[in-house]
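In this text, all values refer to a predicted model and were calculated from it rather than measured experimentally. The first residue of the sequence shown is numbered 1, and numbering continues consecutively from there.
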Amino acid sequence: MSRLRTAASKIRAALRLATSLPARLMGAAVLALLLATCAQRPSLLAQIKQLGVLRVVTRNSPTTFYFGPHGPTGFEYDLARLFADSLGVRLEIYAPLSLTDVLTAVGKGHADVGAAGLSVTAAREQHLRFGPPYQYVTQKVIYRNGEAEPNSPADLIGHRLTVLADSSHAARLADLKRQYPALAWTATDAAESQELLAQVAHGDLDYAIADSNEFALDRRYYPELRAAFDLNKPEPLAWAFRRNGDLSLYQAAIAFFARIRADGKLTQITNRYYGASEVFDYVGTRTFIHDVKTMLPRYQPWFEAAAEKTSVEWQLLAAIGYQESHWNPHAVSPTGVRGVMMLTLDTAGDLGVDNRINPKQSIIGGAQYFARMESRIPAEVSEPDRTWMALAAYNIGLGHIMDAREITRERGGNPNRWIDVRASLPLLTEKKWYSQTKYGYARGDEPLIYVANIRSYYSILNWITSRPKEPVPEAPTTASNEDVAAKQ
């Protein structure tokens, strides 16, 4: 309001000045002063910093933003939080009920940024400005295992096919309809992509279209899903901004993505959400979901008790136990480790476990052992890398993890990031490398699969145990910037 009063006073002064000038100069003087007044309007970036809030609109989905066991999370959410942090402002995020509303909110300036896994398409670029790509995806036709696999768009004709309204999937189908006039589908704004995939998995739809990154995550929850063929070539995903003359926030986003790409933070966040999806075992995933329903209730109270004792999430402990023994208290390996958490005799004795096949003792002992591994990971290693390294240490021994960190440092990588240490672990099988280490040879490829499996089980458990989910806010949700640093 004060800026408006100031502008008004300047306009009045301009008019007073104009009356004292020759007529031929009057218009030029007024115009110059009016332009100077308008030029003082702060840029969008300056307004955001002045208000202390970055408004971000997104979607509620596993690939963007959702409520996990510890509050708001998601790939896009973490990126948006980092961006807000880099600007020194608070993040205000909300998820409307449809993709159409997301695009509208950005286009009309109701939100500063659209961070919603948006494909960059020619049609959207007519109305929106897109930042740097951070992922590339393809559109996959999804069907249910056991049903006939479609091989081309012609095979979709006459079947139940639903896509999101105003999505790049709907636009692609519209393009294909020129070649296949009988092609028909339903466009909905009453569901999200994961709901459509669930309907395919349950047999309520014949086909759906999903981006490759969505399918990579959702197939862990719905192992019956299969990908048939791609509808397009890889498309970039990027943040959307309002298309106008103010480029300040857009340019800040360009600098932000250049920075997190250079310092490895983008890779780290990508690995956090998609690293576990690299390993997928249909039979194993289906069996795990079945065992969660039939076996886990028997042991969950002990996992929860162990979590209270060690401050380690019970879902993570349960995931470790499943990877170790499939929750079999009588499991035994050729090397003599046994029980739910597969403890060695020496480790069990050190932890006060006198009966390794007693599931309660094994679970609490295994939790204490994992907590011990985690506490010995160097303090400069932050989450979630700290957890992944501790898991690898549970499997292969802490000494070998420390050796792999040294190899990582020697190779020019970052020893505090799991993704770099993971690349160095297999070198522990090569004499050239293990001969230079303190603890020597190790089967360094084994912890890669071990950690990936546990991450997958952990993700599925979090998904199952967090339902029904909290209501997704259509009004903004805010949070402090410190949270994202703790999660990376």
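- T429 places a side-chain N or O within donor-acceptor distance of the main-chain N or O of P426, the cut-off being under 3.5 Å.
- Panel note: side chain D385, backbone V381; no donor-acceptor pair is recorded below 3.5 Å.
- Taking 4.5 Å as the limit, some side-chain heavy atom of F288 sits within range of a side-chain heavy atom of L461.
- Under the 3.5 Å distance criterion, the side-chain polar atoms of Q323 are left unmatched by any main-chain donor or acceptor of I320.
- The shortest side-chain heavy-atom distance between W463 and D218 does not fall under the 4.5 Å cut-off.
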Q | side-chain contact (heavy atoms from CB on, under 4.5 Å) between V312 and E374, intermediate numbers included | A | CA-CA 10 Å; V312 178; E374 192 275 336; over 6 Å; no

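- Between the side chains of E313 and Y458, a donor-acceptor pair is found at a separation under 3.5 Å.
- For D420 (side chain) and P415 (main-chain N/O), no donor-acceptor pair under 3.5 Å exists by modelled atom type.
- Rounding to the nearest 0.5 Å places CD1 of I377 at 9.5 Å from OG1 of T387.
- A heavy-atom distance below 4.5 Å is not found between the side chains of Q139 and F215.
- Under the ring pair (Phe, Tyr, Trp, His ring centres under 6.0 Å) criterion, H326 pairs with Y322, not counting sequence neighbours.
- In this structure, a donor-acceptor pair under 3.5 Å is present between the side chains of N416 and R405.
- Not a single donor-acceptor pair under 3.5 Å links the side chain of E304 to the backbone N or O of W314.
- Minimum heavy-atom separation, V120 to A238: CG2-CB, 3.8 Å.
- At least one donor-acceptor pair closer than 3.5 Å links the side chain of S86 to the backbone N or O of F83.
- Nearest heavy-atom pair across V89 and K49 is CG1-CA, 3.9 Å.
- Interatomic distance, K265 NZ to Q268 CD, rounded to the nearest 0.5 Å: 4.0 Å.
- Distance CZ/R417 to OG1/T267: 7.5 Å, rounded to 0.5 Å.
- Distance alone, capped at 3.5 Å, is enough to place a donor-acceptor pair between the W327 side chain and the A318 backbone.
- Residues W239 and L118 have side chains not in contact (no heavy-atom distance under 4.5 Å, counting atoms from C-beta outward).
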Quiz: residues 249-262 side-chain donor-acceptor pairs under 3.5 angstrom, not counting sequence neighbours:
unit_1	atom_1	unit_2	atom_2	d
R261	NH2	P133	O	2.7

Q. When you look at E214 and K140, which way does the salt bridge (charged side-chain N to carboxylate O under 4.0 Å, His left out) test go after all the steps?
A. CA-CA 10 Å; E214 293 176 323; K140 294 185 174 295; over 6 Å; no

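- E446 and N395 form no side-chain donor-acceptor contact under 3.5 Å, judged by distance and modelled atom types alone.
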Q.
Before you tell me yes or no, could you show the steps for T100 and L164 under side-chain contact (heavy atoms from CB on, under 4.5 Å), namely the whole-Å CA-CA distance, both residues' side-chain angles and the distance that decides it to 0.1 Å?
A. CA-CA 9 Å; T100 302; L164 300 183; over 6 Å; no

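- Summarising the geometry, atom CZ belonging to R242 is positioned 8.0 Å from atom NE2 belonging to H110; distances are rounded to the nearest 0.5 Å.
- No side-chain heavy atom of F370 sits under 4.5 Å from any side-chain heavy atom of T310.
- The side-chain heavy atoms of R422 and V451, taken from C-beta on, include no pair separated by under 4.5 Å.
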Q. Should V200 and Y222 be marked as a side-chain contact (heavy atoms from CB on, under 4.5 Å) after you check the CA-CA gap, both sets of side-chain angles, and the distance that decides it?
A. CA-CA 9 Å; V200 174; Y222 305 107; over 6 Å; no

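- For the atom pair CG of D206 and OG1 of T162, the computed distance is 9.5 Å after rounding to the nearest 0.5 Å.
- Residues S61 and T63 bring a donor and an acceptor atom of their side chains to less than 3.5 Å of each other.
- Between N213 and Q135, some side-chain heavy-atom pair lies under the 4.5 Å cut-off.
- Side-chain atoms of R59 do not come within 3.5 Å of backbone N or O of T64 as any donor-acceptor pair.
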Compile the donor-acceptor pairs under 3.5 Å between side chains in residues 173-185 and protein atoms, sequence neighbours left out, one pair per line.
unit_1	atom_1	unit_2	atom_2	d
D175	OD1	R178	NH1	3.0
K177	NZ	P181	O	2.8
K177	NZ	L183	O	2.7

Q.
Applying side-chain contact (heavy atoms from CB on, under 4.5 Å) to W302 and V340, what does each step give before you reach the verdict?
A. CA-CA 11 Å; W302 295 325; V340 172; over 6 Å; no

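- Using modelled atom types, one side-chain atom of T408 and one backbone atom of A404 make a donor-acceptor pair closer than 3.5 Å.
- Side-chain atoms of S456 never come within 3.5 Å of backbone atoms of A452 as a donor-acceptor pair (strictly under, hydrogens ignored).
- Looking only at side-chain heavy atoms (C-beta outward), I269 and L82 come within less than 4.5 Å of each other.
- The only member of Y77, Y273, F75 that meets ring pair (Phe, Tyr, Trp, His ring centres under 6.0 Å) when paired with F65 is Y77.
- The line from CZ of R243 to CZ of F130 is 9.0 Å long, rounded to the nearest 0.5 Å.
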